[in-house]
Amino acid sequence: MPSSTTTAVAAKTEPKEDKNDFFWTYTEEPHRTRRMAIIKAHPEITKLCGPEPLTKYVVVGVVALQLFLAWYLSATPFWSIKFWAVAYVFGATANQNLFLAIHEISHNLAFRSPLANRLIAIVANLPIGIPYSASFRPYHLTHHKSLGVDGLDTDLPTAIEAVVLDSILGKAFFCTFQIFFYAIRPMTVYRVPFTWVHYLNLAVQLAFDAVLVRYTSPHALLYLLLSSFLAGSLHPLAGHFIAEHYVYDTVTPSQRDPANKVPIPETFSYYGPLNWLTYNVGYHNEHHDFPAVPWTRLPAVYEVANDYYKDLPRHESWTYVIWRFIWDESVGIKCRVKREKGGRLVGGAVGWKQTEVEA
């Protein structure tokens with residue numbers, strides 16, 4: 001397991017109060033505080049932590065499905081309704097499921113062995129076409145340890161994105177191509193050092209892609225790549241990317257005033273049927289509160305600690321999340337909570353301008 005190093009972020013001298021800027025907050029992220037309160041009130045909830053054996057079987061099944069569909073479409077023209085329909089309906093759904101399998105596995109929730117988790121993540125990565133599972137883990141764990149921390153949480157849009165994409169057309173472009181933003185953005189903030197897991201992920205993926213093309217056709221690989229693109233584009237399941245942390249509720253003046261220390265809601269859950277296809281990622285407050293609880297037991301977290309979750313803001317539809325994000329002028333790229341300091345960097349970093357990495 002990569003080691004974690006704490007980071008000290010240089011504080012600015014003046015708070016950010018521009019009402020057209022991101023939602024800057026000066027309170028601690030809410031999940032640690034709520035987790036401690038829930039454990040105190042419901043200590044039995046800790047028994048829900050630990051790996052879920054079912055995960056590896058779901059991964060193997062979805063990988064097998066994608067390999068079959070890639071073979072099935074290997075002689076189908078790329079620019080055909082059939083090719084794109086299968087890629088959108090089945091391929092994008094399957095690859096979004098694999099994205100979230102890798103997300104689940106990044107928390108060591110498929111096996112007890114860290115090595116076994118790294119290896120099954122590489123298997124889950126195969127139908128995605130591009131090696132990323134090894135890099136995703138440190139960035140995602142840093143997102144948990146440093147929620148909203150500017151310069152650490154790479155789930156946050158950059159200032160350039162906020163300026164360039166602050167329009168209906170800009171937001172539509174973002175939603176259509178957001179998979180590329182999530183792929184490229186982390187490397188523009190800081191880079192995690194390559195380890196043997198990264199090299200193995202790269203080698204296995206390139207070998208898989210080459211074998212697939214050699215024994216089927218280039219269209220088989222194109223199907224997998226198109227599935228990955230559509231999974232992060234205008235697809236109902238892609239709504240979770242936006243739904244999880246973009247602030248849709250109106251932020252009151254008291255929440256904007258740092259002197260009041262009123263927290264801004266910054267994580268939002270969704271309890272609808274699409275969770276069946278996405279490892280219950282809609283239980284996102286529950287996941288951030290208890291990242292060691294696997295997907296099959298997140299509904300139990302909600303039930304046990306219902307008094308903590310029932311009144312939190314939530315989304316009812318991921319499709320509507322995308323629609324409103326594009327068309328509602330009160331929602332946009334800047335509707336994210338940011339904090340200037342705190343957090344923790346997982347896995348080390350190279351050339352991060354605001355950090356001093358402790359030995």
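The analysis underlying the following values was restricted to heavy atoms, covering all of them including side chains, and did not include hydrogens, waters or symmetry mates. Keep in mind the model is a prediction, meaning the values are calculated, not measured.
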Cationic N near anionic O, under 4.0 Å, E266 to R339: yes
Ring-face cation of R336 near Y246 (centre distance under 6.0 Å, axis angle within 45°): yes
Determine whether the side chains of Y26 and E340 contain a donor N or O and an acceptor N or O closer than 3.5 Å. no
Would Q96 and T93 count as having a side-chain donor-acceptor pair, cut-off 3.5 Å? no
Would you say the side-chain atoms of Q205 and N201 include a donor-acceptor pair closer than 3.5 Å? no
Students often mix this up, so state it plainly: with edges at 30° and 60°, are the rings of H219 and F83 parallel, tilted or perpendicular? perpendicular
Between Y279 and F99, does the ring centre distance come in under 6.0 Å? no
Side chains of D289 and Y309, donor plus acceptor under 3.5 Å: yes
Least distance between heavy atoms, S80 atom then T76 atom: OG-CG2, 3.5 Å
Side chains of R34 and N285: donor-acceptor distance under 3.5 Å anywhere? yes
Measure up the F177 and F229 rings against each other and bin them: parallel (under 30°), tilted (30 to 60°), perpendicular (over 60°). tilted
Between H240 and H103, is the gap from one ring center to the other below 6.0 Å? no
Could you tell me whether the side chains of T267 and H245 share a donor-acceptor contact shorter than 3.5 Å? yes
Side chains of S228 and N95: donor-acceptor distance under 3.5 Å anywhere? yes
Ring centres under 6.0 angstrom apart (H143, H288): yes
If I take atom CZ from residue F208 and atom CG from residue L206, how far apart are they, to the nearest 0.5 angstrom? 11.5 Å
Y270 and H284: aromatic ring centres closer than 6.0 Å? no
In Å, rounded to the nearest 0.5 Å, how long is the span from CG of L237 to CG of L100? 8.5 Å
Whether the E104 and T55 side chains hold a donor-acceptor pair (N or O, under 3.5 Å, no angle test) is what I'd like checked. no
Pair Y320 and W323, ring centroids less than 6.0 Å apart: no
Do the side chains of D21 and K338 get close enough for a salt bridge, i.e. N-O under 4.0 angstrom? no
